[in-house]
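The sequence lines fix the lettering, A, B, ..., with proteins before strands; numbering per chain opens at 1.
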Protein chains: 2
Amino acid sequence: MTLEIPEVVINRLPVYARALADLADAGESVVSSQALGDLLDVTPAQIRKDLSYFGRFGKQGRGYNVQGLLARLREILGLDRRWRVVLVGVGRLGQAIAEYGGFSPQGFEIVAVFDSDRESVGKPIGGAKIRHSDDLDAFLRTNGVDIGIVAVPALAAQQVVDRLVKAGIQAILNYAPMTPHVPHGVTVRNIDPVLAMQSMTFYIKQREPAGK
Amino acid sequence: MTLEIPEVVINRLPVYARALADLADAGESVVSSQALGDLLDVTPAQIRKDLSYFGRFGKQGRGYNVQGLLARLREILGLDRRWRVVLVGVGRLGQAIAEYGGFSPQGFEIVAVFDSDRESVGKPIGGAKIRHSDDLDAFLRTNGVDIGIVAVPALAAQQVVDRLVKAGIQAILNYAPMTPHVPHGVTVRNIDPVLAMQSMTFYIKQREPAGK
DNA sequence: GGGTCATTGTGAAATCCGTAACAGATGGCC
DNA sequence: GGCCATCTGTTACGGATTTCACAATGACCC
Ligand SMILES: NC(=O)c1ccc[n+]([C@@H]2O[C@H](COP(=O)([O-])OP(=O)(O)OC[C@H]3O[C@@H](n4cnc5c(N)ncnc54)[C@H](O)[C@@H]3O)[C@@H](O)[C@H]2O)c1
Ligand SMILES: NC(=O)c1ccc[n+]([C@@H]2O[C@H](COP(=O)([O-])OP(=O)(O)OC[C@H]3O[C@@H](n4cnc5c(N)ncnc54)[C@H](O)[C@@H]3O)[C@@H](O)[C@H]2O)c1
């Protein structure tokens with residue numbers, strides 16, 4: 001139905017939702033696009049435009065009802081239900097992810113974790129037991145799983161992505177420093193702090209006429 | 001000098017550099033924009049256009065010299081030197097960052113780590129000793145530091161960002177789930193897996209006509 | 001050394017996205 | 001109840017980014 005919404009817009013909605021949740025916590029009941037924009041370093045026009053793709057949520061002369069808009073955004077993004085997630089790769093990063101308390105309150109439940117290292121299979125982590133990655137396919141097929149998190153070394157990552165895709169996973173959060181290939185219809189987000197730093201250095205350098 | 005290069009372009013350059021490094025490791029000496037594009041899911045025209053902002057690096061009929069282009073990109077991005085980084089917040093995530101082996105080989109050296117918890121001050125982590133965050137300003141002023149990594153709870157993050165900025169830091173990698181405010185001239189990149197997942201759910205939902 | 005083929009670099013066209021601006025609606029006030 | 005100040009929703013515009021398409025160039029071969 002709504003098939004022409006720019007991806008940049010979709011990527012901003014969770015940011016709006018997060019700010020609205022903070023405002024709600026702070027006891028605010030109404031917010032204007034101007035005030036929300038100040039909070040997020042976004043122009044008010046952009047916020048209004050973004051929201052207008054989905055409907056009319058505000059009241060002229062007043063602004064948006066914080067709880068109301070938050071509820072609508074959550075609905076639009078599909079955050080009004082819980083999502084089942086598997087984690088593949090339980091090294092240092094994978095452990096931090098498995099034990100991170102920030103996912104569950106947002107509706108993302110890590111229902112199983114996998115690793116190829118037989119030594120670690122069976123060990124408990126973040127409420128689950130580590131399973132062997134050979135059992136990944138079987139698990140995915142018998143349990144409904146929505147999202148896969150990849151936290152294996154770069155060299156193993158494409159193989160893991162392929163397995164997740166073959167088993168029907170629709171969305172992948174990739175922490176490995178590589179660009180995964182997925183068929184059309186699978187959504188990927190990459191998290192790579194090194195790339196983030198490597199783009200920042202360009203700007204630092206620009207501002208440093210000395211040095212070099 | 002070169003002041004009108006779109007930020008999206010700058011953000012793609014490290015991705016190109018990473019792929020070129022992989023190609024170099026694989027023994028490839030030449031690559032075409034087509035081949036590189038296939039690797040990265042980017043159109044060849046985009047690659048050529050991006051590179052053309054900085055000069056002419058290829059040879060018609062042949063493509064780009066892998067080592068040569070990599071060297072030029074590293075130079076453009078400022079990756080031909082080492083960068084000094086401080087980490088603030090040594091909780092679970094901060095520890096994983098401090099001990100992550102992926103930064104140093106790319107030229108990012110974590111020269112000091114800070115936390116506000118007096119219990120943990122003095123403990124060794126990733127080659128450094130944890131310092132108290134009260135000493136952050138003094139350290140930054142006496143040691144040249146280029147980049148700050150923020151890994152504290154959201155409620156403390158703006159305060160930490162402010163301190164880093166006041167001490168002259170030019171670039172901040174923020175892991176806290178909030179939008180930091182910084183003056184013009186300071187570069188920020190945010191890393192937030194929850195936001196990443198929250199935008200993916202939109203697309204999963206789109207594809208699931210059932211459910212809901 | 002000329003012909004062929006592949007591939008770059010780049011203006012021009014097309015598309016995408018953000019901003020501006022304002023008509024219209026709403027609440028508050030007297 | 002009418003007036004005023006405020007703020008939304010939306011359209012139109014302009015700028016930014018991507019894609020297109022092709023002339024120019026270099027490598028290779030015979
Ligand atoms: N540690 C960090 O802070 C950090 C930060 C950013 C990115 N990363 C990236 O995340 C990935 C993991 O990092 P790490 O530090 O946890 O590495 P790690 O070596 O500690 O852990 C990798 C884990 O993956 C498992 N594994 C390997 N191949 C597998 C396969 N085919 N199937 C299932 N499991 C497999 C290994 O047994 C190991 O437990 C790497 O790609 C790394 O570059 C890590
Ligand atoms: N753990 C993860 O995988 C993960 C993933 C994504 C984002 N995050 C975010 O990263 C941040 C840190 O997460 P965590 O799990 O490590 O939390 P944590 O509570 O384990 O660690 C936070 C650390 O920050 C320190 N701290 C608090 N206030 C400080 C201040 N003003 N100055 C210096 N240090 C201070 C605390 O003493 C503690 O050691 C949070 O904002 C979290 O939402 C964590």
Q.
Any residue in residues 28-43 of chain B with a heavy atom nearer than 4.0 angstrom to DNA chain D? Just list them by number, or reply none.
A.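 Contacting residues: B/Thr43.
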
Partner of B/Leu51 by side-chain contact (heavy atoms from CB on, under 4.5 Å), out of B/Ile76, B/Val9, B/Leu69:
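Of the listed options, the one satisfying the test is B/Leu69.
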
- Message: Just to verify, which of B/Leu195, B/Asp192, B/Ile191, B/Val194 counts as forming a side-chain contact (heavy atoms from CB on, under 4.5 Å) with B/Pro177?
- Response: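 The side-chain contact (heavy atoms from CB on, under 4.5 Å) with B/Pro177 is passed solely by B/Asp192 among B/Leu195, B/Asp192, B/Ile191, B/Val194.
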
Report the distance from atom [atom1] of [X] to atom [atom2] of [N], rounded to the nearest whole Å.
X: B/Asn65; N: C/dT8; atom1: CG; atom2: P; result: 13 Å
X: A/Asp50; N: D/dT10; atom1: CG; atom2: P; result: 14 Å
X: B/Lys49; N: C/dA13; atom1: NZ; atom2: P; result: 13 Å
X: A/Phe57; N: D/dG9; atom1: CZ; atom2: P; result: 8 Å
X: B/Phe54; N: C/dG9; atom1: CZ; atom2: C1'; result: 15 Å

Would you kindly say whether A/Gln158 and A/Asp162 are connected by a side-chain donor-acceptor distance under 3.5 Å?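 Side-chain D/A pair, A/Gln158 to A/Asp162: present.
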
If we count only N and O atoms by modelled type, under 3.5 Å, do the side chains of A/Arg12 and B/Ser199 hold a donor and an acceptor together?
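Side chains of A/Arg12 and B/Ser199: no pair found under 3.5 Å.
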
Would you say [X] places a side-chain N or O within less than 4.0 Å of OP1 or OP2 belonging to [N]?
X: B/Tyr53; N: D/dA16; answer: no
X: A/Tyr64; N: D/dT6; answer: no
X: B/Arg48; N: D/dA21; answer: no

Check: With no hydrogens and no angle check, is any side-chain donor or acceptor of B/Thr187 less than 3.5 Å from a backbone partner on B/Ala171?
Finding: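 No, the answer is negative, given that no donor and acceptor are paired below the 3.5 Å cut-off.
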
*Is it true that a side-chain atom of B/Arg207 and a backbone atom of A/Gly185 form a donor plus acceptor pair closer than 3.5 Å?*
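Judged by distance alone, yes, a pair lies under 3.5 Å.
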
Open item on the list: With side chain to side chain donor-acceptor pair (under 3.5 Å) as the test, pick out the partner of B/Gln198 among A/Arg18, A/Gln106, A/Arg74, A/Arg189.
Closed with: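 With B/Gln198 as partner, side chain to side chain donor-acceptor pair (under 3.5 Å) holds for just one option, A/Gln106.
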
What are the two closest heavy atoms between A/Leu164 and A/Val86, and how far apart are they?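 A/Leu164 and A/Val86 have their closest heavy atoms at CD2-CG2, 4.1 Å.
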
- Message: Does A/Arg92 have more than 12 heavy atoms from other residues, nucleotides or ligands lying within 6.0 Å of its CZ?
- Response: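 It does not: A/Arg92 CZ has 12 such atoms or fewer within range.
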
Protein heavy-atom contacts under 4.0 Å, written 5' to 3' over nucleotides 23-30 of chain D as B (base), S (sugar-phosphate only) or - (none), form the string -BBBSS--

